[in-house]
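Here is the structure we will look at.
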Amino acid sequence: MNIVEKTEARIKEEIVRAVEAAELASPEDMPSVVLEQPKDKQHGDYATNMAMQLARIAKKNPRQIAEDIVEHFDKSKASIEDMEIAGPGFINFRMNNTYLADLVPSILEEAETYGKRGEKRNERIQVEFVSANPTGTLHLGHARGAAIGDALCNILDAAGYDVEREYYINDAGNQITNLAYSVEARYMQAIGKEWDMPENGYHGADIIELGKKLVEVDGEKWADADKEERHRHFRETGLRYALEKIETDLQDFRVTFDEWFSETSLYEGDNIQEAIGVLTEKGLVYDEEGATWFKTTEFGDDKDRVLVKNDGSYTYLAPDIAYHKNKLDRGFDTLINIWGADHHGYIPRMKAAIQALGYEEDTLEVEIIQMVNLFENGEKVKMSKRTGKAVTLRELMDEVGVDAMRYFFAMRSSDSHLDFDMDLARSESNENPVYYIQYAHARIATMLKQAEEKGLHTGRFDGSLLTSEKEIDLLKRLGEFPQIVDDAAVNRTPHRVTQYAFDLASNLHSFYNAEKVLDADNPVRTASRIQLMQAVKQTIKNALALVGVQAPDQM
RNA sequence: GUCCCAAUAGCUCAGCUGGAUAGAGCAACAGCCUUCUAAGCUGUAGGUCGUAGGUUCGAAUCCUACUUGGGACGCCA
């Protein structure tokens with residue numbers, strides 16, 4: 001806990017104590033204390049609505065309750081200068097804000113761990129995201145999923161959860177067979193044979209290229225090879241090639257995974273039969289019209305779902321249930337799946353599976369990522385100019401850079417559609433929030449460098465000199481950071497962090513224009529402000545790191 | 001037809017699990033560089049929170065119905 005959190009906790013404790021002392025509520029009836037920072041500074045530094053919450057319990061007028069609380073409140077318990085009752089019964093606290101300056105040395109000491117929770121929560125969370133089929137390149141939907149998923153993982157980790165990132169490789173279905181046949185066809189064509197592409201083949205240029213490459217590597221040795229062996233080979237190489245490409249794209253996008261989980265591995269073990277077995281034992285499986293069904297309606301789904309088709313093969317759901325059983329068997333407390341909006345209809349049956357396997361419905365959380373629309377020159381970009389197909393993650397990365405993409409994709413609540421303005425993302429101006437924030441960081445870097453050149457960089461820190469309005473604003477903002485991270489983690493809302501970085505940058509720019517840091521005539525204040533700047537710089541960097549954005553020292 | 005998400009300033013969006021006069025950014029208007037990066041700052045203007053009900057001390061927030069936009073409703077993955 002930093003000094004701000006400690007102070008807030010102390011105020012809350014004292015509110016509870018005062019309520020009890022005034023005999024307004026017993027401990028059982030005690031509402032949870034809400035302490036908020038009023039939007040309007042006129043209302044003080046903190047406010048609580050406790051009196052209103054108690055109105056029903058104490059059966060008294062809220063303003064009268066507020067007076068009782070204030071009467072029994074010991075102001076010396078926290079750095080409280082003044083209290084007042086306002087509006088319908090708010091109690092406003094005006095703080096003696098000098099305590100805030102203690103933040104600076106503590107942030108500098110914590111450095112890159114500032115914002116991170118000290119103690120672990122002992123909760124293991126697995127986040128599965130991207131999981132794009134290995135049959136093509138990653139497009140923008142995957143990119144947003146990757147940006148939000150990775151940011152969420154960073155945030156959960158910072159908030160004290162044990163996090164594992166996983167990518168589920170759909171390497172077992174028909175699509176992979178099609179991929180194998182497509183690679184085979186391109187290989188054969190590359191050595192001059194007439195060979196038709198499969199009906200649902202992948203016609204992308206990359207597969208043509210792969211065909212040629214395989215000829216370079218192996219010559220014509222596969223032309224007359226045993227059919228089964230040949231198919232296995234093209235299947236494996238096609239897969240490996242596609243996965244490598246995906247992994248490279250993601251790495252360049254600064255997203256890495258702890259685990260790449262293969263669907264095929266579920267088939268190799270007895271996992272799918274086992275999972276179906278568990279459901280069968282519970283009487284949740286039946287046969288009808290030659291297929292095997294899972295009674296998902298028992299758990300609120302619209303209709304029951306097929307597990308085994310009448311041709312004996314599994315639907316997608318069957319291995320997916322086995323997969324989730326596997327995840328649960330690995331001992332995670334919570335599973336978070338990040339899915340595109342087009343998969344939301346799948347949630348009820350997957351939640352049904354989780355419950356059928358004997359777990360609480362909430363053990364699985366599904367975060368739905370809404371669609372991305374690209375805009376350029378004010379117009380919607382439907383297709384890539386280069387390929388005529390959907391714009392890929394790689395293309396956009398080349399166009400606007402990773403920082404802009406990571407920030408833009410994470411900056412909106414995930415359940416709201418995202419309009420991605422390419423001109424804005426590329427723009428090097430204050431309109432672009434990424435530049436705005438990075439510029440704040442770079443500005444500080446410049447100041448620090450000059451301070452060093454002028455020999456002003458060393459000196460005693462005296463927090464009592466940081467009392468201007470802008471300095472207090474900055475300090476308050478700095479103090480919020482751990483709580484923001486915590487909120488973003490608990491509510492699964494990474495955009496809170498992008499928002500915070502922007503607000504902090506805004507406070508910095510505002511301070512910068514109002515006050516001068518480097519002042520040779522005032523070395524102690526200069527040293528104190530330099531350390532404040534270092535704390536701001538560190539915090540901006542930490543916040544950006546959570547969402548995968550770099551913090552350069554110069555622009 | 002059923003289900004999910006959205007609807008807040010001209011535009012793009014926040015709104016911290018029900019609180020005070022609903023906030024940012026952009027666009028508009030008016031200012032600020034002999035001073036640490038003007039890629040910045042300060043100010044003004046801009047709102048019936050989609051509509052209608054309901055819940056209560058109090059609703060953008062919770063409930064119901066409706067309207068509009070997007071998506072999903074396979075023995076595809």
Side-chain angles (χ1 to χ4, degrees), chain A residues 34 36-40 42-43 47-49 52-53 55-56 61-62 86-90 92 133 135 170 172-176 200 263 289-293 301-303 305-317 319-320 340-348 368 370-371 373 375 378 411-419 421 424 427-433 435-436 438-440 442-451 453-454 456 480 483-484 487-488 490-491 493 495-496 499 502-503 505-506 508-519 526 529-530 533 554-555:
Chain A
V34 178
E36 56 175 18
Q37 298 190 29
K39 292 164 206 157
D40 190 341
Q42 297 286 317
H43 297 127
T48 182
N49 61 354
M52 279 111 88
Q53 290 195 69
R56 216 163 318 160
N61 168 333
F90 286 99
N92 295 335
N133 290 338
T135 52
N170 296 120
N174 288 328
Q175 45 187 350
I176 301 300
N200 298 311
E263 181 186 358
E289 294 173 29
T292 305
W293 297 72
D301 197 6
D302 296 344
K303 50 187 160 193
R305 308 289 171 175
V306 172
L307 293 172
V308 186
K309 300 181 224 171
N310 61 16
D311 68 359
S313 64
Y314 294 122
T315 61
Y316 182 76
L317 181 60
D320 220 10
D342 53 339
H343 283 80
H344 82 256
Y346 200 74
I347 298 173
I368 289 299
Q370 291 296 333
M371 292 180 49
N373 289 315
F375 285 85
M411 77 177 173
R412 301 293 181 216
S413 135
S414 57
D415 48 30
S416 126
H417 296 203
L418 178 73
D419 286 345
D421 183 340
L424 182 60
S427 127
E428 302 191 347
S429 74
N430 57 347
E431 299 165 36
N432 183 343
Y435 277 82
Y436 182 84
Q438 289 181 325
Y439 178 46
R443 256 187 162 170
I444 296 173
T446 303
M447 279 189 273
L448 297 179
K449 206 172 138 202
Q450 297 211 5
E453 283 164 8
K454 293 178 182 170
L456 292 168
E480 286 174 14
Q483 190 58 49
I484 295 285
D487 282 354
V490 170
N491 298 314
T493 48
H495 71 278
R496 296 284 306 271
Q499 204 97 33
F502 185 87
D503 290 340
S506 178
L508 182 276
H509 288 308
S510 185
F511 164 80
Y512 181 93
N513 275 273
E515 313 284 350
K516 195 154 165 69
V517 173
L518 305 180
D519 180 1
T526 298
R529 284 187 170 171
I530 283 174
M533 290 299 101
Q554 53 188 8
M555 305 291 284

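All values derive from a computational prediction rather than experimental measurement. Note: hydrogens, waters and symmetry copies are ignored here, and every other heavy atom, side chains too, is used. So you know, we letter chains A, B, ... as the sequences are listed, proteins then strands, and number each from 1.
When both distances must be under 3.5 Å, the Watson-Crick or G-U wobble mate of B:rG1 is B:rC73. Nucleotide B:rU12 has B:rA24 as its partner under the Watson-Crick or G-U criteria, with both atom distances under 3.5 Å. Taking a pair to require two hydrogen-bonding distances under 3.5 Å in either a Watson-Crick or a G-U wobble arrangement, B:rA7 pairs with B:rU67. Pairing partner, B:rC29: B:rG43, with both Watson-Crick or wobble hydrogen-bond distances short of 3.5 Å.
Below the 3.5 angstrom threshold, one finds no donor paired with an acceptor across the side chain of A:His417 and the base of B:rG70. Contact of A:Asn92 with B:rA20 (side chain to base): a donor-acceptor pair of N or O atoms is detected under 3.5 Å.
Within a 6.0 Å sphere centred on NZ of A:Lys449, other residues, nucleotides and ligands contribute 12 heavy atoms or fewer. Residue A:Gln554 qualifies as open at atom CD: its count of foreign heavy atoms under 6.0 Å is 12 or below.
Using a 4.0 Å heavy-atom cutoff across all strands shown, A:Gln554 reaches at least one base atom of the nucleic acid. Residue A:His509 is classed as a sugar-phosphate contact, given heavy-atom separations below 4.0 Å to backbone atoms only. Contact annotation for A:Ala55: no contact, since no heavy-atom pair falls under 4.0 Å across all strands. Residue contacts for A:Glu515: at a heavy-atom cut-off of 4.0 Å it reaches a base atom on one of the strands shown. Residue A:Ala47 is classed as a base contact, given a heavy-atom separation below 4.0 Å to a base. Counting any heavy atom pair closer than 4.0 Å across all strands shown, A:Ser416 reaches sugar-phosphate atoms only and no base atom. Counting any heavy atom pair closer than 4.0 Å across all strands shown, A:Tyr512 reaches a base atom. Residue-level contact check: A:Gln483 touches neither bases nor backbone, having no heavy atom under 4.0 Å from any strand. Across all strands shown, A:Ser413 has heavy atoms under 4.0 Å from sugar-phosphate atoms exclusively, and none from any base.
Nucleotides B:rA59 and B:rG19 place their P atoms 11 Å apart, quoted to the nearest Å. Between B:rU56 and B:rC66, the distance separating the two C1' atoms is 24 Å to the nearest Å. Comparing the C1' positions of B:rU2 and B:rA60 gives an interatomic distance of 28 Å, to the nearest angstrom. Comparing B:rA27 with B:rC13, their C1' atoms sit 15 Å apart, to the nearest whole Å. Here the separation of B:rA45 from B:rA72, taken at their C1' atoms, is 43 Å to the nearest Å. Atom name C1', nucleotides B:rA9 and B:rG25: the rounded distance is 12 Å, in whole Å. Comparing B:rG18 with B:rU61, their C1' atoms sit 7 Å apart, to the nearest whole Å. With P as the reference atom, B:rU12 and B:rG58 are 35 Å apart, rounded to whole Å.
The aromatic ring of A:His343 stacks onto the base of B:rA77, its centre lying under 5.5 Å from the centre of the six-membered base ring with the two planes under 30° apart. Judged by ring centres under 5.5 Å apart and planes tilted less than 30 degrees, A:His43 stacks against the six-membered base ring of B:rA20. The aromatic ring of A:Tyr436 is not stacked on the base of B:rA39, since the criterion of ring centres less than 5.5 Å apart with planes inclined by under 30° is not met.
A side chain to side chain donor-acceptor pair (under 3.5 Å) with A:Gln175 is found for exactly one of A:Asn133, A:Thr135, A:Asn170, A:Asn200, namely A:Asn133.
Atoms CG (A:Leu424) and P (B:rA27) sit 10 Å apart, rounded to a whole Å. Going from atom CD of A:Gln499 over to atom P of B:rU12 covers 17 Å, rounded to whole Å. Separating the CG atom of A:Asp342 from the P atom of B:rC3 is a distance of 20 Å, rounded to the nearest angstrom. Protein atom CG of A:Leu456 is 18 Å distant from nucleotide atom P of B:rU35, rounded to whole Å.
Syn is the glycosidic conformation of B:rU17, whose angle stays within 90° of 0.
Between A:Glu289 and A:Asn310, the shortest heavy-atom distance links the atoms O-CB, 3.9 Å.
In this structure, a donor-acceptor pair under 3.5 Å is absent between the side chains of A:Asn432 and A:Glu428.
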Worksheet item: So A:Val34 and A:Gln53, side chain to side chain contact (heavy atoms under 4.5 Å, CB included) or not? Walk me through it.
Response: CA-CA 10 Å; A:Val34 178; A:Gln53 290 195 69; 3.7 Å; yes
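Nearest-nucleotide assignment on RNA chain B puts the 5′-proximal partner with A:Gln37, out of A:Leu448 and A:Gln37. Comparing A:Leu518 and A:Glu263, the nucleotide of RNA chain B nearest to each residue sits closer to the 5' end for A:Leu518.
The distance from the CZ atom of A:Phe511 to the CE atom of A:Met533 is 4.0 Å, given to the nearest 0.5 Å.
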